[in-house]
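Structure in structure tokens, see below.
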Amino acid sequence: MTKPSLPQGTRDFGPETVRKRNYILQTIRAVFETYGFQPLETPAMENLSTLLGKYGEEGDKLIFKILNNGLDRPEKEQDTREAFEKVLQGKNSIQLTERALRYDLTIPFARYVAMNHQQLTLPFKRYQVQPVWRADRPQKGRYREFYQCDADVVGSRSPLNETELALIYHEVFTRLGLTGYTLQVNNRQILAALANRCGGPEKMTDITIAIDKLDKIGLEKVKEELAQRGLSENQILLIEEYLAVKGTNEEILSGLDKLVGHDPAGAKGIAELRTLLQSLSGSLLPTPGSSLPSPGSRLIIDPTLARGLNYYTGIIFEAKAPKEVKMGSIGGGGRYDDLTGLFGVPDIPGVGISFGVDRIYDVLEELQLFPADVFVGTQVLFFNLGAAESARAFALLQGLRQKGIRGELYHENLKFDKQFKYAEKKNIPFVVILGEKELGEGRCNLKDLRSGVQHSLTWDELMETKFTER
RNA sequence: GUGGUUGUAGCUCAGCUGGUUAGAGCAUCAGAUUGUGGUUCUGAGGGUCGCCGGUUCGAACCCGGUCAGCCACCCCA
């Protein structure tokens with residue numbers, strides 16, 4: 001008998017954890033719905049060919065591959081051995097593995113759109129909340145199985161989409177109490193323009209990977225890395241100038257304009273950021289007396305933001321937890337002009353965002369932002385004080401359940417002490433005590449465990465009780 | 001994938017240069033307390049010291065391997 005254990009990087013979620021996660025997910029779903037997004041689910045596994053090559057070389061390594069069934073069949077032995085040789089040489093072989101676990105939600109969505117675009121009314125706005133798997137080494141805030149919540153719009157080039165997605169971030173984080181979040185934005189077009197001035201489009205990946213690390217490793221190291229990646233001194237100088245663009249959003253925009261504004265891509269990128277900025281500041285009716293920050297105030301234009309995924313082509317987002325929590329990114333997204341092109345369906349542009357639920361959970365936990373009522377499951381516990389008493393209690397309980405009250409009858413006639421402690425442990429706010437005396441009088445005692453206050457009620461009065469907090 | 005670090009009761013951790021029977025707090029259970037919980041007091045149960053191997057008269061402790069957690073790098077949510 002071996003001790004039971006979990007695969008590396010996976011977790012069980014106990015009742016309390018699930019409640020807290022649901023609180024986050026319901027908040028996000030509700031906001032998605034208010035913006036007209038519709039739910040979608042796709043299978044846990046995809047054909048490996050659907051996923052390979054979509055996440056870069058590193059990404060391919062992190063895809064969990066599923067071993068084919070039936071490899072032990074004798075008549076296939078020769079094929080299997082050859083396939084295994086290929087794997088030893090670092091190649092993938094569909095002889096051994098033709099399916100893999102979903103790595104993110106965006107590519108499966110693109111696959112879905114490519115397969116169904118004729119039936120979909122465009123623009124199609126969907127949201128998706130499902131687990132994804134990555135064969136990464138686990139560490140803080142990083143798991144091998146985790147949930148993503150994505151919202152994407154495909155079939156529209158309107159900048160309204162970017163505005164709405166930014167507002168969704170704002171609405172969700174505000175509702176969750178994470179008012180100190182920041183939304184970093186940049187535009188791939190600007191990075192493309194920079195690459196054009198530094199050796200051409202093929203240098204874009206090298207440049208973005210290096211400058212993305214600026215706040216982590218510092219300017220000198222970034223310059224070293226750029227040199228390593230084959231950029232000339234002049235080009236590095238130009239990038240240094242680019243990285244030196246700082247200040248308010250307006251100042252950054254005009255700084256960028258000087259550097260790459262004459263490039264068509266650069267000009268386009270800058271204009272798109274301007275549009276986003278303006279539409280956000282115009283998006284709210286003034287609410288007198290509100291101390292909540294406005295969406296525009298949380299937006300930071302960050303020229304160093306690059307994001308690893310290569311399919312982004314326009315505006316890119318990255319949501320960061322409030323500074324006091326060392327967590328980094330809690331969401332990200334961007335515009336991709338031709339994602340379904342990978343699946344043979346060109347000209348369907350899209351833009352999407354993603355929430356990192358597990359990280360948001362950790363942040364809310366650390367900042368103690370879960371509301372108290374998240375922890376209440378059962379609202380009322382009926383004490384079990386004998387056969388006749390509990391029969392009456394059960395009837396009353398059923399009446400309350402029909403009214404939507406969450407209640408339980410204690411399972412055995414044990415002493416008070418036990419029954420009280422059960423209520424306490426389960427965080428049940430109310431108990432109903434209905435013993436021999438109360439049974440005779442047609443009454444019961446309702447006790448609020450938090451205040452310790454107890455009232456005597458008739459059974460009819462009990463049925464009208466709401467059992468809400470205080 | 002690379003490097004560092006940790007692994008002792010359900011949980012958090014002590015455990016000296018290797019030396020008889022491995023401890024504490026919290027939690028659990030029982031009692032004080034058979035219709036009023038949270039406090040208090042008393043007592044009890046609970047461990048192949050992650051796993052496998054090696055060194056030694058003797059290993060929780062030293063060595064090797066392995067698995068898992070954490071941290072950093074790579075990358076990323």
Side-chain angles (χ1 to χ4, degrees), chain A residues 1-11 14 24 28 55-63 90 102-106 129-150 205 208-210 212-213 216-217 221 225 305-310 317-321 326-334 352-363 381 383-386 389 410 413-439 444-456:
Chain A
M1 187 74 166
T2 48
K3 272 189 197 168
S5 63
L6 285 173
Q8 189 179 38
T10 66
R11 303 152 292 165
I24 297 172
I28 296 173
Y55 309 107
E57 211 175 307
E58 284 299 317
D60 283 356
K61 287 186 199 159
L62 300 181
I63 295 172
R102 177 168 64 217
Y103 180 89
D104 73 353
L105 301 179
T106 308
V129 182
Q130 289 189 278
V132 303
W133 295 269
R134 293 186 189 177
D136 211 349
R137 190 109 164 221
Q139 55 177 277
K140 185 181 172 75
R142 179 186 285 187
Y143 307 97
R144 289 187 148 182
E145 177 187 66
F146 62 95
Y147 272 77
Q148 282 191 337
C149 306
D150 282 24
T205 306
T208 53
I209 287 177
D212 198 33
K213 297 177 185 167
K216 245 185 190 169
I217 62 176
K221 293 268 181 191
E225 182 154 349
L305 178 67
R307 293 195 61 78
L309 297 170
N310 283 325
F317 299 105
E318 186 151 315
K320 295 241 166 108
K326 287 203 173 64
M327 186 53 82
S329 170
I330 52 175
I353 56 170
S354 178
F355 287 87
V357 192
D358 298 271
R359 288 191 175 177
I360 293 173
Y361 181 99
D362 289 347
V363 171
L381 176 72
F383 274 19
N384 186 327
L385 301 172
E389 292 88 341
Y410 195 78
N413 178 11
L414 295 184
K415 51 185 180 180
F416 268 55
D417 185 57
K418 291 277 174 213
Q419 307 202 31
F420 267 120
K421 282 187 171 151
Y422 178 80
E424 234 172 86
K425 266 182 253 169
K426 281 196 73 177
N427 205 17
I428 300 172
F430 294 98
V431 299
V432 170
I433 300 165
L434 197 164
E436 196 183 351
K437 195 175 91 198
E438 290 81 7
L439 187 62
C444 62
N445 288 320
L446 174 66
K447 182 160 183 174
D448 179 337
L449 288 193
R450 303 194 178 184
S451 62
V453 177
Q454 179 171 312
H455 297 289
S456 173

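Just so we're on the same page: letters track the sequence lines, and every chain starts at 1.
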Pull out every protein N or O sitting under 3.5 Å from an N or O of nucleotides 4-9 of chain B, one pair per line with the distance.
none

Please check this pair: side chain of A:R102 against backbone of A:P131, looking for a donor-acceptor N/O pair closer than 3.5 Å.
yes
Would you mind reading off the distance between A:R134 atom CZ and B:rC76 atom P, rounded to a whole angstrom?
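Between P of B:rC76 and CZ of A:R134: 9 Å.
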Who pairs with A:A210 by side chain to side chain contact (heavy atoms under 4.5 Å, CB included), at least two apart in sequence or on another chain?
A:V222, A:E225, A:L226
Separation between the C1' atoms of B:rC75 and B:rC61, rounded to whole Å
38 Å
RNA chain B base-pair string [pairs: Watson-Crick or G-U under 3.5 Å; |: paired with another strand]
(((((((..((((.....[...)))).(((((.......))))).....(((((..]....))))))))))))....
Kindly compute the distance separating CD1 (A:I428) from CG (A:L449), expressed to the nearest 0.5 Å.
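So the CD1 of A:I428 and the CG of A:L449 are separated by 8.5 Å.
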Between B:rA68 and B:rA30, how far apart are the two C1' atoms, rounded to whole Å?
36 Å
Would a distance-only check, ignoring hydrogens and angles, find a side-chain to backbone donor-acceptor pair under 3.5 Å from A:Q419 to A:N384?
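Yes; judged by distance alone, with no hydrogens or angles, the pair exists.
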Taking only the P atom of each, what is the distance from B:rU20 to B:rU12 in whole angstrom?
28 Å
Under 3.5 Å, which N/O atoms of the protein pair with N/O atoms of nucleotides 66-69 of chain B?
{"unit_1": "B:rG69", "atom_1": "OP1", "unit_2": "A:G9", "atom_2": "N", "d": "2.9"}
{"unit_1": "B:rG69", "atom_1": "OP2", "unit_2": "A:Q8", "atom_2": "NE2", "d": "3.1"}

A:T10: partners by side chain to side chain donor-acceptor pair (under 3.5 Å), with sequence neighbours left out:
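Residues passing side chain to side chain donor-acceptor pair (under 3.5 Å) with A:T10: none at all.
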Partner set under side chain to side chain contact (heavy atoms under 4.5 Å, CB included) for A:K421, not counting sequence neighbours:
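A:K421 satisfies side chain to side chain contact (heavy atoms under 4.5 Å, CB included) with A:D417 only.
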Please give, in whole Å, the distance from B:rC70 P to A:D136 CG?
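Rounded to the whole Å, the gap is 13 Å.
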Pick the C1' atom in B:rU28 and in B:rG65, then give their distance to the nearest Å.
37 Å
Find the distance A:F317:CZ to B:rC76:C1' and express it as a whole number of Å.
19 Å
Base, sugar-phosphate, or nothing: which does A:F383 touch, judged by heavy atoms less than 4.0 Å apart?
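The answer is nothing, as A:F383 stays clear of every strand by at least 4.0 Å.
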Please evaluate the base of B:rC75 for a donor-acceptor partner in the side chain of A:R142 within a cut-off of under 3.5 Å?
yes
Looking only at atom C1', what distance separates B:rG58 and B:rG50, rounded to whole Å?
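Comparing C1' positions in B:rG58 and B:rG50 gives a spacing of 23 Å.
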Are A:V453 and A:K447 close enough that some pair of their side-chain heavy atoms sits under 4.5 Å apart?
no
What integer number of Å spans the P atoms of B:rG45 and B:rA22?
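Taking atom P in both B:rG45 and B:rA22, they lie 14 Å apart.
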Of A:F355 and A:Q139, the one whose closest nucleotide on RNA chain B sits nearer the 5' end is A:Q139
Quick one: label A:S354 by what it contacts on the DNA or RNA (base, sugar-phosphate, nothing), any heavy atom closer than 4.0 Å.
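It contacts nothing in the nucleic acid.
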I'd like to check the side chain to side chain contact (heavy atoms under 4.5 Å, CB included) partners of A:S329; sequence neighbours left out, ordered by chain and number.
A:E318, A:R359
Contacts of type side chain to side chain contact (heavy atoms under 4.5 Å, CB included), residue A:D358, not counting sequence neighbours:
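Scan of A:D358 (side chain to side chain contact (heavy atoms under 4.5 Å, CB included), adjacent residues dropped) gives A:R11, A:F13, A:R21, A:Y143, A:F146, A:Y147.
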Just say parallel, tilted or perpendicular for the rings of A:Y55 and A:Y103, cut-offs at 30° and 60°.
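The arrangement is tilted - the two ring planes meet at 30° to 60°.
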Sequence neighbours excluded, the answer for side chain to side chain donor-acceptor pair (under 3.5 Å) partners of A:D136 is A:R142
On a whole-Å scale, what distance lies between the C1' atoms belonging to B:rA24 and B:rU8?
13 Å
Roughly how far, to the nearest 0.5 Å, is CG of A:D104 from CG of A:L62?
12.0 Å
Can you give one letter per nucleotide of nucleotides 28-40 of chain B, going 5' to 3': B for a protein heavy atom under 4.0 Å from the base, S for sugar-phosphate only, - for none?
S-SS---BBBB--
Please work out if A:I209 contacts a base, only the sugar-phosphate, or nothing of the nucleic acid, heavy-atom cut-off 4.0 Å.
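Since only primed, P, OP1 and OP2 atoms lie under 4.0 Å of A:I209, the category is sugar-phosphate.
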Of all residues at least two apart in sequence or in a different chain, which pass the ring-ring contact (aromatic ring centres under 6.0 Å, His included) check with A:F383?
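Listed in chain order: A:F416, A:F420.
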Residues at least two apart in sequence or cross-chain that pass side chain to side chain donor-acceptor pair (under 3.5 Å) with A:E438, listed by chain then number, are A:N445
Using the six-membered base ring of B:rA77, report whether A:F146 stacks on it, requiring centroids under 5.5 Å and planes under 30° apart.
yes
Considering only the C1' atoms, how many Å lie between B:rA14 and B:rG4, rounded to the nearest integer?
25 Å
Counting heavy atoms not belonging to A:Q454, are there more than 12 under 6.0 Å from its CD?
yes
For A:E145 and B:rA77, what is the distance between atoms CD and C1' respectively, to the nearest whole Å?
14 Å
A:E58 CD to B:rC73 C1': how many Å, rounded?
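Rounded to whole Å, this separation is 12 Å.
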